[in-house]
Each structure stands twice: as structure tokens, then as C-alpha cells.
Amino acid sequence: MEYDFRNIEAYWRKKWAQDESYKVTEDPNKKKFYVLDMFPYPSGAGLHVGHPLGYIASDIYARYMRHKGYNVLHPMGYDSFGLPAEQYAILTGQHPAKTTEQNIARYREQLDKIGFSYDWSREVRTSSPEYYKWTQWIFGLLFNAWYDLETNKTRPISELIAKFEENGSYGVNAHMDEDWWKTYLLEADHIFSAHFEGEFTDTDWKSMSEAQKEALLMNYRVSYLADSLVNWCTALGTVLANDEIKDGVSERGGHAVEQKKMRQWSMRISAYSERLISDLDTIDWPDNIKEIQRNWIGKSSGARVRFQAEKEVTIEVFTTRPDTLYGVSFLTLAPEHESVEVLTTEEQRDAVSEYVANSKLKTERERMAEKKISGVFTGGYAQHPLTGDQVPVWIGDYVLAGYGTGAVMAVPAGDQRDYDFAKHFNLEIKNIFAESDLSEKAETSKDALLANSDFLNGMNYYAAFDAVCERLMEIGAGEKRVNYRLRDAVFSRQRYWGEPFPIYYENGIPRLIETEELPTQLPDVDAYLPTESGEPPLARATNWERNGMPMECNTMPGWAGSSWYFLRYMDPNNHSVFASEERIKYWGQVDLYMGGAEHATGHLLYSRFWTKVLFDLGYIPFNEPFKKMINQGMILGRSSFVYRIKDSNTFISFERRKEFETQRLYADISLVDNDKLNIEGFKSWLPEYANAEFMLNENSEYTCGWEVEKMSKSKYNVQTPDELIEKFGADTLRCYEMFLGPVEQSKPWDTKGISGVHNFLRRFHRLFLENETFSVSSEEATAAEMRVVHKTIKKITEDLERFSWNTVVSACMIATNELTDLKCNKRQVLEPLVVLLSPYAPHLAEELWKNLGHSTSVMNESWPIAENKYLEEENFEYAISFNGKTRFFLSLPAGMSAADVEAEVMAHDSTAKYLEGKSPKKIIVVPKRIVNVVM
RNA sequence: GCCCGGAUGGUGGAAUCGGUAGACACGCAGGACUUAAAAUCCUGUGACCAUUGCGGUCGUGUGGGUUCAAGUCCCACUCCGGGUACCA
């Protein structure tokens, strides 16, 4: 009876599905544990071996926790809105829902083969109306909310309106855009005079029209509509969030992105900056992810300083080095800065206009690529708040309009960019440091002592910072200020395949569709493209209106549905709420979240944001979604290459490729075994190779070259799990993916070792056989056998507790090898081992468990406990070292005292030899560890 | 540039608290079985020296340090991977 994995796995796959073995129900008598995988986007390509790496690890952990008696929630679903299905729809006219459906079916088929313990009755799909109904509902929640800086909480907009009714804006401390009233005065229909600075009375409020009130409230809402500078991607026909852009081009497709002002929905995530940073300390995430988030949010502490310029213009700058204020020799404004126009003198007008026009033309990417220093003098001056000196005002595109105030105070002595700018335009470089040489570069150390700085002389950064801020406060010219890089997130996409907004427009006023009327379903359209007039695809739909009023035509971005899906798994079929209070309370935070690190600034930040909103508004009792997270590394492909001699159809083996001028071409990895090419297979692979000739190596083989790259169809290096499961079985695949190394690590896929792992499962299976039939003995196990069992229990338990999945496989192999040597087939020994192995090889474990005579599933067995009485060894093998070098071994009773050990060692024959006649200076004895004789 | 990781045999990796470096597996070599091959099993396998046996020296990217003892801690550097950037 060989290890017939095909039949075993097929049998148990069916049985588990029939019995709904993995269905979990809320059970208040059991402790819960929530293990979650980042749900996949169901792409047309299906799964390759890299995808299940994290799924397998989390599945093993989920099964382990189940053995430990926890009620484990381990669900799976699909992030099924997205661009590829839409682009396919544009090309073929096929509805994205249909493509998505097909892809999901394929994913499911692949996932089922691997033996995951998912409770599929809880599956969610972000593109199903039943699901996005609640995504729309959450959008409504954010629309009907504002951020109160007083309590540092999201609060319902109705509370804000009540405050306005009572006392106007007085006493309201809301998170809003800086200088929001300036835009408001320019763009909204309002009742205020030009002197309005954001403050209004209850009388003002009450005198406003409905439309005026709404326009004002829009500045407070957490989800708001505003003209904002967005990243517009013409090729994709949509806006992109900052995290969807890499190196100035779109992450998907690598298309050019430009800045454009558009009326868009945005999310006030910037209000949560501080909490998003400080709450990182409360969660157990990999340090690098926390670090990426910290950098992305970009907190910097500094000061705002105001410079009084000509023509009643005040220029406010943000600086992290207010201590260097006396070193200011000019100011630089971003080309888009609002004061550029006013400050520019007649003489400089042409130069400035040209510069501003030029920088507008450049894309973000071009600006970044251009390392050249550029700028132009406005002709205007501003007064230094402390010295009263007139400093020239320049513009330069190294200053970004979107960060800080869009203006900087230039201190060439203390900042390298200012230094370079000053050198380039021959501007003054004031040395404000006591001992710094500024002939080559700026002094950026915070420890440098200040000079030529009036009352700051002799201080370093730390002392001067407070001193100068205090002075600025006194004279009203500035104050301490914390600045964040994080911008509000644009929430509109000009796409079809996304959640429609539950919004319609009544005389231009956005109105929210009530919960009872949700979901707002995606309408059918005749094509998945923008309209001729450039409106989003939804504008093509007939009847895309509500009682004659137009509906919002944008859809939500990909991250909307994924920002809360972990909550829906708790209660996926609830029609009246997104998840019941009871269930949310029971399941709580995700205890273990497994997924890729590439979502660090997108999904992982947005779900934290929405979680905080739901927490503030009292819908969930926790303010962080994922208590612990582990990032699995990427599995890379190992591409194979053949070398074609130039202008011929002759291929030369890797070793000899230098003999000719060759062209390197991909060969499908299925045609290559151990870097040797299957020549016949290669010829029939592609028509162009049918008549290929080969120049072989000295062993008459064709050797391929190789390189480690990302897995991709175009590189012919994709390994699907299906082939491996067919060849070796799911249990082998599971064990092998874990055996490859630490999950966090990225590594190239290599099937070389898989036979070793498969072999191990066969050897394990063989332990239960005698003369080819299943047979276990009921004899009492020996001490040696029991030691193997309990040593293994201890090792595996400890390894799983520290998430060291790979070493568990080794431990199982060692146990199998040892028991094979001991020729042990005793039930007492084998039963606990089946339980230990079951998280890794669930099919085989179930089969063996059944054969052992059990009628219940092994997955519900309790986890074995390592008992010390079996682990205690009588003797300990001491390594005896002399000056740190191990020389011989000595087996001594484990309980022997240090003094006795020392005596034994000194009395030993070999000791005299290694002492070489010297007398030991010192003898270190660490009981049950080591002896070191120092000479 | 800045921030965060990492570097261990031919290969993937192990070494959890500073205590026998190289577990486990692959690969390779030799052997058994076989007409042969595959499969399976056994033995060996860090490098160098010695080899009849005993053994010896070196060895965890490089250089230094702390310690009875360093892959592990400290300092400096090199290379590789990831993140991020005219962020004031």
C-alpha cells in the first residue's frame, strides 16, 4: 500500500465539503481566534505558487489554534472590483461581472485543491451588491461626519449642525483645510463679506439658504466634495491616489500622470495623521511596515514663521529648523504660490510668467528627473521678523505647492538645497554657525553651535528651537507647528467597475441615498468607456437618475471595499446591518493577518482609517483592525533561457554561448529539468522553433541559462500549484512551501527540494505499514520512543508559537527518521504525531486518523502536550573546551552540580593532554551547557 | 541622500537566552538491489593539511573591539534587497 495521495486527497476534499467541516459558528463558551488572509483580486491568470504561500502559513496556524481549542474564524473572499476586468470589458464588450465570475470560479477550484480550512459559507465579494450596499453605507457614514479636534474623534454631522444652530462656528474646533475660507469665498455661493475668516454666528447660519448651508458643511465632512489637485492619468482615463503612483507614473501600466484640478470626492484621512502614527505602537506589525507608514504620513515638527512682504502680503513658511532663522537670506515660493502674482515687479514680470508657465507644463516626473537648479527672482522683498532686514523673494520649483505652506525660508548655511540654490544664483550665504566651514557644503548637524544669531548665539538646535519659537510667539510672527505629509485621499474614480456612490444631485447639492434604499446598483451601460464629453462611463447609462435628479457618475476606488471586509466576514449574510454588534463583539480584531507588504501605504492605511471612523462613531469596539500581521515574502520565478546564434535557427548550449554572438530567449520552464532542455518538447512548443538545430555541450545535453525574476506569463516562468498537486499532492505542496524558508523572506521558486518533502510524507505514511498493509501495534512505547514524541511536540509547539513554519517541517522529518530507525509502529507514539502533522498535511492526517480507527475528524483533536518526564535525560553530553575550543565530550549526570562537573573534568585523562602541563587559570561550568577551561 | 532589513557549505536554509556552527533537505560522490534503467535503501559530503589510525589548522561579507566563550553584543566599512525623496 503506497502513499496514494491522489485518492486520499480527493476523498477528503469531498468529505470535508459534504460535512461542512470548516463551518464555524459563534460560540460564547469558546475563546475566539481570527486568522485572516488578504483577499485576492481574482485575476484571469489564476494562482501561481507564490499566492498560496501566505494562505498555507495562515491555514496551518488556524488549524493549530483550532487544535488548541479556539473557535477559529478563517474566511476567504474576493476583492473583485478592479481595473483588469474593466479593461477586458472595454476590449470585448463582455460585462466585467461575467469575467469576474469566471475568474472567481477558477480561483475557487485552485484554492479547494490545496486543502484550506476556509469557511466558505462566509465568502465575501466586494463587487456583489449585497456587499457594496454596506460599502456605500460606510461612505454615507463618512459623508455624515466631521472631525472634532477637541475630543479627537469623528462625530456625526448632526452634532455639528446643532452647534451651529446654537452658537455658530464659535467653540467648534474641526479639522478642515488650511485657509479653507479663501477658496470658499471664491467658489461658493455665500453670505459673507471679504473679511470672512471662517468664523460665523448662529444668526449667520440661520440666515443661510439650504444650498449655502450645504456648501459650508462640505468643508467639514470627512467624506467631501472639493476641487482638488489630483493626479490625472490620461491613458487610464482616471485619477489616481498617491499610493497608486510609483516614480511619477501609474503603478498599473506605467502611464504618465499629471496634476489637474478636478471636482472630486475626497476622504479627510489627514485628520487622522497623528492617531495613525501613534497607534502603530499598539499593534504587532513588522517594523518595516510601521516604518513605511510613518514615513508616508511624514510627521515633522517645526514652526510656522510669517514674513511681512510688500503690498500687504504675508508670506508664511514652514521650517523644521526655526533655530536657523538668522541665516535666512531669501525666501522661495512654489511657482503655484498665491502671492507670486502680487509680489512680482514689472521688471521681473516676463521672466516670472515664463518660469511659472514652464513649470506648469512639466509633469511631476519631469520635474523630479530634472536635477538642474532653476528659479527666478520675483523682484519683491519681505521683512525678516526678527532682524527687520529686507530679504528677496524668489520662486523655484524645488518648493512644492502641496507641502507645508508652499513657501520656504532659505537658509543656505543650514540646508543643502538652499545652499545649492544660493550658490547657483550667487545669493548671500550667511554663516550662522560658530565653527562651520561653508565653502563646500551646508552645515546640517543639529549639534552645531549658532553664531551671528543674536540671542541664540552659542545654542545648538535643541536649545535654540524653543527659544526662537517663544520669541516668534511674543511678536506674533510664528509658532511651533507639526506638519504632516499625508494628504487627503481622492475617492472618485472615472471608472465603471467599482462601487457607485450613493449620491444624487438636487439642484447641484449632493444628497445621500438613505440606507433603506441601498444598494445603489451599478447600471448597465452600452460601453465601458467615458462619454464623448469626457464624463465617466456611468454617464452612459440611461435612467442614471433618481426622481429626475442626476446621480453621481464617478465610482469608488479599489480600496473602498477592502477597507472593511474583515468585518463583513463576521456576519456576511446580514441584511439589516454591516455586521451585528454581537458578532463584532465576539470576533473583535483580526488576531493574525497575513499578506504582502506591498499594501503598506494603501490598503493597510485606509483600513486603519475606516476602523478609526467606525470606532469613533461607536459601531465597533476597537480602533485598530489587525492586531498582529506577518508579511509573506514574494516567491520569484526562475526563468530559463536558450541562446540562439544570431540570424540563425541554431541554439547553443549555455556553456558554449560565448563562442558566437547569441540572442537570449525565454524557454518555458516546463520544458526544462535541472537546467537541461527537453529538446523535442522545445521544438514542438512554438512553430518558429520546429526546425531548430542544437549545438550541445560535451555531455550531449542542452544546458539552459537562468535568472531569478518576478513570475510572469511573458517570462514563461510561472509555476502553478495545480501541476505540483497533480504530481506530488496538496500535502506535499503545503509542506514544501513552508519548508522553503521563513515565510517573510522573498525567495526564488525552485522545485528541486520538493521530492525530499514528498519523500518525508511517504516515509511518515510507511510508519503505519507492515508488509504493505496498515498496521499499528498496541505495545507500550519505550522511553526512547516517548522521548521522540515529546521532544517533537515541544519543538513544534514552540516553533508555531513563534511563527517559524519552516522549522516545524524539519522537526517532523527528524521524528520520522528517528522512528523509522527505531522501527516503531506503536499507536501510543504515532497518534500524537498524526495530530502534530495535521495542520501541515491535513489530508494524510485525516486518512491515517481514520485508519487508526477513529470516526471523528483529526482536526478537532486537542493539541498534544509535551510532558517533561519523557524529556528528562539522565546524562548530559558536555562539550569540554579549552580556551574556547571544543576538544572532547563527556557524558555526565544531568543533575550534577557545577563543582562536581569541574572535578570530573579535571580528573579526566584527556584533560591532562589538553592542558599541556599548564595549570588552568579558571574553569567555567555552565550546568547542562558547557565547560570551558581557561589556561 | 535618508530610513528599514539582510549577508552562514555547491544550493535552500537551521542554530529561539552569548555556550558543540552547518540541523533538516536538495545536489553531488561511492555502494547495494537490477540484464539495464527508474524507484528504493546504505555510506560519505564546510575548506585545507594529514590519512594506517589518532588527528590538526582555518571557517558565518570585511576590519577592529567586548567576553572564559561571538553567526549572535558594540564600533567602522563593503555589498545586496526593500521603502522613500527637491518634504523645507
Side-chain angles (χ1 to χ4, degrees), chain A residues 2 246-247 286-296 298-300 302 317-322 324 331-332 334 367-368 370-374 396-400 402-411 414-418 420-421 444 483-485 597-598 600-601 631 633-634 674 735-736 739-742 744-757 759-760 762-763 766 795 798-799 801-802 804 806-814 816-817 820 877-889 920-926 928-935:
Chain A
E2 258 304 293
K246 291 263 150 23
D247 303 324
D287 286 337
N288 67 316
I289 300 286
K290 290 190 182 185
E291 201 56 29
I292 290 169
Q293 293 212 345
R294 280 191 199 104
N295 290 340
W296 187 258
K299 180 178 182 174
S300 47
V317 301
F318 173 72
T319 176
T320 54
R321 296 293 303 272
T324 64
L331 301 183
T332 314
R367 265 209 210 181
M368 272 169 21
E370 230 172 272
K371 289 285 169 207
K372 208 167 69 192
I373 295 161
S374 75
D397 65 9
Y398 77 95
V399 180
L400 305 176
Y403 183 78
T405 62
V408 302
M409 58 176 224
V411 182
D415 181 279
Q416 194 55 44
R417 274 159 318 162
D418 296 343
D420 295 340
F421 195 87
T444 51
N483 206 51
Y484 299 92
R485 197 182 80 106
E598 65 275 15
T601 53
N631 299 121
M634 209 192 326
N674 232 339
C735 292
Y736 183 57
F739 187 64
L740 231 38
E744 305 86 327
Q745 221 163 78
S746 284
K747 55 226 151 189
W749 178 258
D750 195 334
T751 42
K752 269 188 199 149
I754 200 165
S755 61
V757 175
N759 217 2
F760 143 66
R762 282 171 45 190
R763 282 162 62 88
R766 208 173 298 150
K795 170 76 177 153
E798 284 170 0
D799 285 356
E801 288 295 332
R802 64 188 176 102
S804 174
N806 56 327
T807 50
V808 171
V809 182
S810 304
C812 288
M813 287 174 171
I814 293 169
T816 305
N817 293 346
T820 302
E877 177 106 329
Y878 278 95
I880 313 300
S881 53
F882 291 78
N883 281 347
K885 275 183 190 148
T886 306
R887 293 300 184 182
F888 65 94
F889 297 95
K921 285 199 191 109
K922 197 170 167 189
I923 298 165
I924 311 277
V925 177
V926 184
K928 289 182 85 174
R929 259 184 215 268
I930 202 168
V931 175
N932 189 17
V933 181
V934 188
M935 302 186 290

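Residue numbers begin at 1 in each chain, while the letters A, B, ... track the order of the sequences. No experiment lies behind these values; they were computed from the predicted model shown.
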What nucleotide among rC24(B), rA14(B), rC41(B) has an atom nearest to a side-chain atom of P742(A)? rA14(B)
With sequence neighbours left out, what residues match Y484(A) under ring-ring contact (aromatic ring centres under 6.0 Å, His included)? none
Can you tell which of rA85(B), rG19(B), rA88(B) lies closest to the side chain of T320(A)? rA88(B)
For the pair F421(A) and Y398(A), name the ring-plane relationship: parallel under 30°, tilted 30 to 60°, perpendicular over 60°. tilted
Do Q745(A) and N806(A) have side chains that approach each other closer than 4.5 Å (heavy atoms only, starting at C-beta)? no
For atom P, what is the distance between rG18(B) and rU72(B), given to the nearest Å? 11 Å
Scan Y878(A) against the nucleic acid and name what it touches under 4.0 Å (heavy atoms): base, sugar-phosphate only, or nothing. nothing
For RNA chain B, which ranges pair as stems of 3 or more consecutive Watson-Crick or G-U pairs, with both donor-acceptor distances under 3.5 Å? B:1-7 with B:78-84, B:10-12 with B:24-26, B:27-32 with B:40-45, B:46-49 with B:55-58, B:61-65 with B:73-77
From the candidates rA88(B), rA25(B), rU16(B), the one with an atom nearest any side-chain atom of D415(A) is rA88(B)
ring-ring contact (aromatic ring centres under 6.0 Å, His included) filter on Y736(A), not counting sequence neighbours, yields W749(A)
What nucleotide among rA15(B), rU40(B), rC86(B) has an atom nearest to a side-chain atom of L400(A)? rC86(B)
Please pick, from rC41(B), rA88(B), rC4(B), the nucleotide with the shortest atom-to-atom distance to any side-chain atom of E291(A). rC4(B)
Against the side chain of K747(A), the closest entry in rA88(B), rC41(B), rG13(B) is rG13(B)
